[in-house]
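One structure, pasted below without further comment.
Because the structure is predicted, anything quoted here is derived from the model rather than measured. Side-chain atoms are counted along with the backbone in the values below, which use heavy atoms only and exclude waters and symmetry mates.
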Amino acid sequence: MEPVEPPTAINTTYIFAPHYIDSCDSLSKITRRASMVHSLIASYGLLKYMRVVKPRIASMEEMAMFHTDAYLEHLQKISEDGDDDDPESVEYGLGYDCPATEGVFDYAAAVAGATLTAAQCLMDKKYQVAINWPGGWHHAKKDEASGFCYLNDAVLGILKLRKKFDRVLYIDMDLHHGDGVEDAFSFTSKVMTVSFHKYSPGFFPGTGDVTDIGMGKGRYYTVNVPLQDGIQDNRYYHICESVLKEVYTSFNPEAVVCQLGADTIAGDPMCSFNLTPVGVGKCLRYILNWELPTLILGGGGYNHANTARCWTYLTAIILGKTISSEIPDHEYFTEYGPDYVLEITQSCRTDQNDPQRVEQLLNTIRGNLKNVI
């Protein structure tokens with residue numbers, strides 16, 4: 001991989017425990033993904049450069065900082081029974097995308113607890129960056145599961161950080177719009193949400209147009225950057241840098257939460273964007289240069305080997321380490337064939353983002369941000 005040049009090696013904590021990874025591995029849509037990510041990070045010898053912190057389980061009271069008691073109680077009930085046929089489940093979004101499987105409440109409480117643990121590490125000011133790769137479930141609403149997301153750990157992490165930091169910036173680089181986080185903070189000027197995502201008729205969740213800018217006191221504190229299929233590293237970085245430069249100047253954040261879903265990467269089954277970890281890494285490096293307390297979360301990513309490649313490379317960027325192109329021998333080595341390298345090659349998909357439309361989009365966003373006080 002190309003040499004990594006962050007400002008300096010950053011004081012970083014990494015949320016991990018074997019039982020936590022086991023719990024995350026059980027999620028039906030991403031079985032074993034958490035193990036693959038952790039194993040690759042470990043095989044590159046990156047753990048010794050971070051303080052590994054064991055996560056705690058989120059309490060019912062902590063989860064209720066955002067989610068309704070009725071939703072949490074129902075999720076707990078169906079999780080204990082493994083009952084996918086409960087008639088009430090439909091109104092809580094449980095079913096097709098979010099099956100009501102046995103143990104799902106424990107999994108959700110584990111992820112929420114890990115993100116809260118990461119947030120606490122930043123609040124204690126011992127660490128500049130806290131990483132929870134199995135987190136980043138940005139679609140869940142206060143009383144509804146959505147898009148594989150049962151609890152919104154990103155919202156819970158932001159609410160926690162708000163106890164210490166007056167202005168928190170949320171940056172979402174998943175393929176899908178960060179609708180659950182945006183909805184949670186659309187009326188406040190204390191949290192700015194910025195989402196870079198695919199926006200196309202019929203594409204989930206169907207929200208996140210550039211005209212969605214927040215409401216009431218939160219008007220102009222919601223920034224949406226809707227993009228089309230095929231976008232590659234250079235154009236994505238140009239857009240990301242242009243938007244984040246304006247966001248940083250106008251909002252002046254005190255802490256940052258980054259959702260870095262890897263379903264934007266070439267080779268993902270979503271077959272939409274055409275990025276590589278190098279492009280996402282340039283965007284992350286731009287954010288790290290602010291030298292603010294930064295909470296790093298995962299998210300989407302359905303080609304598990306490429307997701308592990310991406311998040312391992314991003315971990316190395318955070319740590320200021322250059323890592324070898326050859327995948328080290330480890331438990332999941334065979335998953336990285338046929339080439340067994342860290343790099344991901346872009347596909348030949350056409351970039352459908354017209355340069356003129358992109359500049360119009362950026363001008364609209366710049367105009368909106370001039371209204372931020």
Look at the side chain of Thr294 and the backbone N and O of Leu292, then say whether any donor-acceptor pair between them is shorter than 3.5 Å.
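Checking the backbone N and O of Leu292 against the side chain of Thr294, a donor-acceptor pair under 3.5 Å is found.
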
For the pair Arg349 and Cys271, evaluate side-chain contact (heavy atoms from CB on, under 4.5 Å) and give the outcome as yes or no after the intermediate values.
CA-CA 9 Å; Arg349 198 169 307 122; Cys271 286; 4.0 Å; yes

Counting C-beta onward and ignoring hydrogens, is there a side-chain heavy-atom pair between Tyr313 and Glu343 closer than 4.5 Å?
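No, every pair of side-chain atoms sits at 4.5 Å or beyond.
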
Do Asn132 and Tyr20 have side-chain N/O donor and acceptor atoms under 3.5 Å apart?
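Checked: Asn132/Tyr20 side chains pair up, N/O donor to acceptor below 3.5 Å.
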
Does any donor atom in the side chain of Trp133 or Thr307 lie under 3.5 Å from an acceptor atom in the other side chain?
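Note: Trp133 and Thr307 side chains miss the donor-acceptor criterion.
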
Any side-chain heavy-atom pair from Cys240 and Tyr286 closer than 4.5 angstrom?
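Heavy-atom side-chain distance check fails, nothing below 4.5 Å.
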
Among side-chain atoms of Glu61 and Ser59, is any donor-acceptor pair under 3.5 angstrom?
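Their side chains do not contain a donor-acceptor pair, so the 3.5 Å distance test is not met.
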
Does the pair Lys282/Asp233 count as a salt bridge with the N-to-O cut at 4.0 Å?
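No, this pair does not count.
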
Minimum heavy-atom separation for Met173 and Leu260, please, with both atom names.
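For Met173 versus Leu260, the nearest heavy atoms are SD-CD2, 3.7 Å.
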
So, for Ile344 and Ala266, which heavy atoms are closest and what is the spacing to 0.1 Å?
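It is CG2-O, 3.6 Å.
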
Is any side-chain heavy atom of Ile265 closer than 4.5 Å to one of Phe273?
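Phe273 does not reach Ile265 side chain to side chain.
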
Does Val341 offer a backbone N or O that forms a donor-acceptor pair with the side chain of Glu326 under 3.5 Å?
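Such a contact is absent between Glu326 side chain and Val341 backbone.
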
Is the closest side-chain heavy-atom distance between Leu40 and Tyr332 below 4.5 Å?
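No. Closest side-chain heavy atoms not under 4.5 Å.
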
Taking Ile57 as the starting point, is it possible to reach Leu159 by hopping between hydrophobic residues whose side chains are less than 4.5 Å apart?
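Leu159 does not cluster with Ile57.
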
Which heavy atom of Tyr44 sits nearest a heavy atom of Ile327, and at what distance?
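That closest heavy-atom pairing would be OH-CA, 3.7 Å.
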
Do Thr115 and Asp153 get their side chains close enough for a donor-acceptor pair, meaning under 3.5 Å?
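Side chains of Thr115 and Asp153: pair found under 3.5 Å.
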
Test item: side-chain donor near acceptor, Arg51 and Tyr14, under 3.5 Å:
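No.
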
Does Asp124 CG have over 12 foreign heavy atoms under 6.0 Å away?
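Yes, because the 6.0 Å sphere around CG of Asp124 holds more than 12 heavy atoms from other groups.
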
More than 12 non-hydrogen atoms from neighbouring residues, nucleotides or ligands closer than 6.0 Å to CZ on Arg357, yes or no?
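No, not enclosed.
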
Hydrophobic side-chain clustering at under 4.5 Å (ILVMFWY, transitive links): who's grouped with Met215? Put none if nobody.
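Reading the cluster by chain and number, Met215 sits alongside Phe187.
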
Linking I/L/V/M/F/W/Y whenever any side-chain heavy atoms sit under 4.5 Å apart, do Ile318 and Tyr127 land together?
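No, no single cluster joins them.
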
Please determine whether a side-chain nitrogen of the Lys or Arg among Glu62 and Arg56 lies less than 4.0 Å from a carboxylate oxygen of the Asp or Glu.
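Yes, Glu62 and Arg56 are salt-bridged.
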
Salt bridge (Lys or Arg N to Asp or Glu O under 4.0 Å) between Arg33 and Asp25: does it pass, once the steps are laid out?
CA-CA 6 Å; Arg33 190 184 75 174; Asp25 275 348; over 6 Å; no

Side chains of Met50 and Leu319: closer than 4.5 Å at any heavy-atom pair?
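With C-beta onward as the side chain, the pair touches.
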
With no hydrogens and no angle check, do the side chains of Gln228 and Asp354 hold a donor and an acceptor under 3.5 Å apart?
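Note: Gln228 and Asp354 side chains miss the donor-acceptor criterion.
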
Got a donor-acceptor contact below 3.5 angstrom from the Asn224 side chain to the Pro226 backbone?
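A pair under 3.5 Å: no.
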
Are Trp137 and Phe148 close enough that some pair of their side-chain heavy atoms sits under 4.5 Å apart?
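Result yes, sub-4.5 Å side-chain heavy-atom pair found.
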
Do the side chains of Leu169 and Tyr248 get nearer than 4.5 Å, heavy atoms only?
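No, too far: nothing below the 4.5 Å cut-off.
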
Determine whether Val53 and Thr117 make a side-chain contact, defined as any pair of heavy atoms from C-beta on separated by less than 4.5 Å.
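When only atoms from C-beta onward are counted, Thr117 and Val53 do touch, with a gap below 4.5 Å.
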
Given Arg167 and Arg162, is the side-chain contact (heavy atoms from CB on, under 4.5 Å) satisfied, shown in steps?
CA-CA 7 Å; Arg167 291 178 308 285; Arg162 277 277 298 116; over 6 Å; no

Would Glu335 and Arg32 pass as an ion pair if we require N to O under 4.0 Å?
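Arg32 and Glu335: salt-bridged.
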
Taking Phe204 as the fixed residue, which of His177, His197, His139 is the one that meets the ring pair (Phe, Tyr, Trp, His ring centres under 6.0 Å) rule?
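With Phe204 as partner, ring pair (Phe, Tyr, Trp, His ring centres under 6.0 Å) holds for just one option, His139.
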
For a quick check under 3.5 Å, do Gln352 and Asp229 share a side-chain donor-acceptor pair by atom type?
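No - no donor-acceptor pair under 3.5 Å links their side chains.
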
Any side-chain donor near an acceptor of the partner, Ser272 and Lys198, under 3.5 Å:
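Yes, because at least one side-chain N or O of Ser272 sits under 3.5 Å from a partner of the opposite role on Lys198.
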
Using a distance-only test with no angle check, is there a side-chain donor-acceptor pair under 3.5 angstrom linking Asp179 and His138?
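No, no side-chain donor-acceptor contact under 3.5 Å.
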
Which heavy atom of Ala110 sits nearest to which heavy atom of Ser23, and what is that distance?
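Scanning both residues, the minimum pair turns out to be CB-OG, 4.1 Å.
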
Got a salt bridge between Asp183 and Lys142, using NZ or NE/NH1/NH2 to carboxylate O under 4.0 Å?
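Not counted as a salt bridge, because no side-chain N and carboxylate O are separated by less than 4.0 Å.
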
Tyr170/Phe185 aromatic ring centres below 6.0 Å:
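Centroid distance Tyr170-Phe185: not below 6.0 Å, so no.
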
Over all atoms of both residues, closest heavy-atom pair of Ala262 and Trp311:
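Nearest heavy atoms, Ala262 then Trp311: CB-NE1, 3.9 Å.
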
Going by the angle between their ring planes, with limits at 30° and 60°, are Phe333 and His330 parallel, tilted or perpendicular?
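The arrangement is perpendicular - the two ring planes meet at more than 60°.
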
Considering all heavy atoms of both residues, which atom of Phe66 and which atom of Ala140 are nearest to each other, and what is their separation?
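Heavy-atom minimum between the residues: CE2-O, 3.9 Å.
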
